[in-house]
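Everything on this sheet refers to the single structure shown next.
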Amino acid sequence: SQQGEEDPQALSIQEGENATMNCSYKTSINNLQWYRQNSGRGLVHLILIRSNEREKHSGRLRVTLDTSKKSSSLLITASRAADTASYFCATDDNYGQNFVFGPGTRLSVLP
Amino acid sequence: ETGVTQSPTHLIKTRGQQVTLRCSSQSGHNTVSWYQQALGQGPQFIFQYYREEENGRGNFPPRFSGLQFPNYSSELNVNALELDDSALYLCASSLGSGAGYGYTFGSGTRLTVV
């Protein structure tokens, strides 16, 4: 089954800096989503981007999608300590019925 | 509008026992998906229910089973518990089946098998 793979596995930055996380996947997709998870709790939906879209914004978040490279990136601008969490990309499975999650990037924003 | 509610929040079971986890979907959502998340890993898809029917299943053995009720709430049942079943179990609801919808996740049930 296709699966997104986030990179890096862990990222540590200072408050105010930008954080960039990448996701690569193996086969063609229809949709890609990014989620955040705080301390092993439930996941929070951030952005859904469709295969015919190249970029989406939501507040301090920017997601890009490059289907030719089978990759996506999540940019968090002007990071805050509250952004400390694990971030996951999820790609639709081979049947387009459900999402397959990658192992995640653990982001630490230091005050 | 209420979100997704899961119960219980924590559970300790003995190997070989059976467990039932419950999920109330967000108002207006007719689809529920269940995920297992081991420590330090991404969520793994168990199965999805759409309008009371199973609508896709991941690579989990038959001792993992589920139900969806007319009000779209759902249960996950695991029989013959094994130590490796220890994980965070996440329920997510969505407006429809298919990967074009964003999921609303509950806070999860932390299952420990001893």
Side-chain angles (χ1 to χ4, degrees), chain A residues 1-10 21 23-25 27-53 56 58 61 63 65 72 85-107, chain B residues 3-7 9-10 21 23-26 29 31-51 53-60 66 86-112:
Chain A
S1 62
Q2 56 191 331
Q3 181 181 35
E5 186 84 20
E6 295 89 347
D7 171 64
Q9 291 184 330
M21 289 158 271
C23 171
S24 59
Y25 54 91
T27 59
S28 297
I29 60 168
N30 295 311
N31 305 280
L32 184 146
Q33 300 192 34
W34 284 91
Y35 286 83
R36 184 187 76 230
Q37 184 178 40
N38 293 84
S39 302
R41 303 296 289 171
L43 282 75
V44 174
H45 178 254
L46 297 177
I47 288 181
L48 182 153
I49 187 165
R50 305 192 191 280
S51 60
N52 61 352
E53 298 175 311
K56 288 189 85 168
S58 177
L61 307 180
V63 167
L65 179 64
S72 174
S86 291
Y87 291 82
F88 296 91
C89 72
T91 54
D92 48 341
D93 65 13
N94 292 329
Y95 305 99
Q97 286 299 315
N98 224 298
F99 280 99
V100 180
F101 286 83
T105 291
R106 278 154 287 287
L107 173 66
Chain B
V4 175
T5 304
Q6 291 187 244
S7 62
T9 55
H10 295 84
L21 310 182
C23 172
S24 295
S25 59
Q26 180 168 316
H29 288 189
T31 303
V32 171
S33 302
W34 286 92
Y35 286 82
Q36 180 196 66
Q37 186 179 24
L39 201 61
Q41 298 183 20
Q44 299 296 310
F45 173 61
I46 303 175
F47 43 57
Q48 182 185 81
Y49 279 85
Y50 171 64
R51 294 186 174 182
E53 298 287 330
E54 187 177 289
N55 185 48
R57 187 180 181 91
N59 189 25
F60 280 80
S86 294
L88 180 68
Y89 287 85
L90 295 163
C91 167
S93 72
S94 53
L95 279 169
S97 67
Y101 298 94
Y103 286 5
T104 301
F105 278 84
S107 297
T109 294
R110 175 75 62 187
L111 173 64
T112 303

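Everything quoted here is computed from the prediction, not taken from an experiment. Here is the naming used below: chain letters follow the sequence lines, and residue numbers restart at 1 for every chain.
Looking only at side-chain heavy atoms (C-beta outward), Pro43(B) and Phe99(A) stay at 4.5 Å or farther from each other. His45(A) is not listed as a side-chain neighbour of Tyr101(B), based on a closest heavy-atom distance of 4.5 Å or more. Side-chain contact check for Pro103(A) versus Gln41(B): every heavy-atom pair is 4.5 Å or farther apart. Between Phe101(A) and Tyr35(B) the shortest side-chain heavy-atom distance falls below 4.5 Å.
Using a 4.5 Å cut-off between heavy atoms, Ser33(B) touches chain A through its side chain atoms alone. In this structure, chain A has no heavy atom under 4.5 Å from any part of Gln6(B).
Environment of CG in Asn52(A): crowded, with over 12 heavy atoms of neighbouring residues, nucleotides or ligands closer than 6.0 Å. Enclosure of atom CD in Gln9(A) is not indicated, since only 12 or fewer non-hydrogen atoms of other residues, nucleotides or ligands lie within 6.0 angstrom.
The two atoms that bring Gln37(A) and Leu90(B) nearest to each other are NE2-CD1, 4.3 Å, heavy atoms only. The two residues Leu88(B) and Arg41(A) make their nearest non-hydrogen contact at CD2-O, 4.1 Å.
Partners of Ser93(B) under the side chain to side chain donor-acceptor pair (under 3.5 Å) rule, at least two apart in sequence or in another chain, are His29(B).
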